[in-house]
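Worth knowing before you read on, the calculation uses all heavy atoms, side chains too, and leaves out hydrogens, waters and symmetry mates. Keep in mind that this is a model prediction, so the values were computed, not measured.
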Amino acid sequence: MEKLEMLYEGKAKKVYKTNNDKQYIVDYKDDATAFNGVKKGTIIGKGVVNNKMSAALFSLLEENGIPTHQIELLSDRESLVKAVTILPLEVIVRNVSAGSLAQRLGIEEGIPMKETVLEFSYKNDDLGDPMINDYHIFAMEFATREQLDLVKKYALKVNEILSKFFLERNIKLIDFKLEFGLYDGQVILADEISPDTCRLWDAETNKKLDKDRFRRDMGGVEEVYQEVLNRISKK
Ligand code: TMP
């Protein structure tokens, strides 16, 4: 398999074509942004952590019946993935109040949700990924009813699997963002699952082990990325 020209460069990853038109190579960068690219920086080693962590979590999810884009880890920063067409949706799952939910509802961070909360945003940087609901999704044809039903089902199942997995490593899964794509007409999980896209708190101390340390200038950013990778690599 050969790495060909770059197809797309995002804020945290580059995507390359390969000589197989059904496969892409994702190359994870150390670049970090927040607030829709307004804040920029570097988190040394982040690309390696996010690549390895996503590969491990996608394997775990596959073993538990969730179809994902992951094919194989190629190197520290690269993975071979299925060439999906991404649905223009950010799917957010929340177990505990934090971030924009806490702000929007005027509540403190750290309050367990009585029911799992699912939110959708329209994936569009120029618009700042506005929140949308099912009606917008169907009216704008971002996904069909069948596709959205699967997205919801998979997102809730991913939450169950990952919440348990992290808790066994003394980490609470507060919230996270998923993206799905179409591959041979089927909905599969794509993008990444990492401290960039999850809020992860130490189960005993509530120490933040995720990108909020970068967003909020809390320091110790590199250390917690390594810490999360260490905790999920053990056992
Ligand atoms: P939020 O509270 O800022 O809406 O974020 C919810 C979750 O989604 C959190 O785990 C971080 C993740 N997220 C992303 O992965 N990408 C984004 O662009 C944003 C805003 C949040």
Side-chain angles (χ1 to χ4, degrees), residues 1-28 50-51 53-74 78-94 116-127 129-163 165 175-194 196-198:
M1 181 262 321
E2 244 180 287
K3 189 173 180 178
L4 301 179
E5 77 265 23
M6 190 171 77
L7 188 67
Y8 168 81
E9 177 160 12
K11 288 182 290 223
K13 299 187 283 296
K14 295 177 190 170
V15 180
Y16 292 86
K17 289 188 174 184
T18 69
N19 53 343
N20 180 338
D21 65 4
K22 303 203 72 172
Q23 301 183 346
Y24 292 151
I25 291 173
V26 183
D27 190 333
Y28 285 76
N50 290 7
N51 181 38
M53 177 163 165
S54 292
L57 296 181
F58 284 135
S59 298
L60 171 77
L61 293 172
E62 288 275 357
E63 285 163 21
N64 285 277
I66 308 285
T68 81
H69 74 162
Q70 188 76 21
I71 300 171
E72 63 173 327
L73 196 67
L74 294 176
E78 297 165 307
S79 278
L80 186 66
V81 301
K82 293 177 180 163
V84 299
T85 306
I86 290 282
L87 296 174
L89 299 176
E90 301 212 338
V91 181
I92 295 160
V93 183
R94 301 182 184 270
T116 306
V117 173
L118 263 190
E119 292 172 359
F120 300 97
S121 296
Y122 172 35
K123 190 173 152 61
N124 183 316
D125 281 342
D126 293 339
L127 300 176
D129 302 333
M131 192 192 259
I132 53 173
N133 65 28
D134 298 31
Y135 293 93
H136 301 105
I137 292 171
F138 303 141
M140 297 295 295
E141 297 187 317
F142 294 150
T144 65
R145 281 174 168 73
E146 293 71 25
Q147 288 165 351
L148 191 65
D149 282 347
L150 273 175
V151 162
K152 290 178 180 175
K153 192 180 97 176
Y154 290 153
L156 295 174
K157 182 94 190 289
V158 168
N159 187 40
E160 272 177 37
I161 299 162
L162 293 188
S163 292
F165 176 85
D175 59 31
F176 58 97
K177 186 262 301 180
L178 299 174
E179 295 183 22
F180 292 85
L182 297 179
Y183 182 78
D184 287 341
Q186 302 297 307
V187 173
I188 68 174
L189 184 61
D191 194 52
E192 67 178 273
I193 306 178
S194 71
D196 276 17
T197 64
C198 299

Q) Within a reach of under 6.0 Å around CD of E62, are more than 12 heavy atoms found that belong to other residues, nucleotides or ligands? A) yes
Q: From the options I188, D191, L189, select the one residue that forms a side-chain contact (heavy atoms from CB on, under 4.5 Å) with V84.
A: I188
Q: Flag the pair F176 / T197 as yes when at least one side-chain heavy-atom distance between them is below 4.5 Å, and no otherwise.
A: no
Q | Partner set under side chain to side chain contact (heavy atoms under 4.5 Å, CB included) for I71, not counting sequence neighbours | A | Q23, L80, K82
**Q.** For F142, all residues meeting ring-ring contact (aromatic ring centres under 6.0 Å, His included), sequence neighbours excluded
**A.** Y122
Q. What's the shortest heavy-atom distance between K123 and L87, and which atoms?
A. CD-O, 4.5 Å
Q) Between I193 and M53, what is the shortest heavy-atom contact and its length? A) O-CG, 3.7 Å
Q. Any idea which heavy atoms bring A55 and Q70 closest together, and the distance?
A. CB-NE2, 3.6 Å
Q: Evaluate side-chain contact (heavy atoms from CB on, under 4.5 Å) for E146 paired with D149, printing each intermediate quantity in order.
A: CA-CA 5 Å; E146 293 71 25; D149 282 347; 5.7 Å; no
Q. Can you check whether N20's main-chain N or O pairs, donor with acceptor, with T18's side chain at less than 3.5 Å?
A. yes
Q: Return the minimal non-hydrogen interatomic distance between E179 and L89, and the atom names on each side.
A: CG-O, 3.9 Å
Q: Answer yes or no: are there more than 12 heavy-atom neighbours, outside K11 itself, under 6.0 Å from its atom NZ?
A: yes
Q.
Are the side chains of I25 and L4 in contact, using a 4.5 Å heavy-atom criterion?
A. no
Q. For S54 and E192, which heavy atoms make the closest approach, and how far apart are they?
A. OG-CB, 3.4 Å
Q | Side chain to side chain, V117 and V93, heavy atoms closer than 4.5 Å | A | no
Q.
Going by ring-ring contact (aromatic ring centres under 6.0 Å, His included), name the pairs with one or both residues in residues 4-25, residues two or more places apart or in two chains.
A. none
(Q) Contact between V91 and Y154 at the side-chain level, heavy atoms closer than 4.5 Å - yes or no? (A) no
**Q.** More than 12 heavy atoms of other groups within 6.0 Å of K3 NZ
**A.** yes
Q. Does some side-chain heavy atom of F120 sit less than 4.5 Å from a side-chain heavy atom of L148?
A. yes
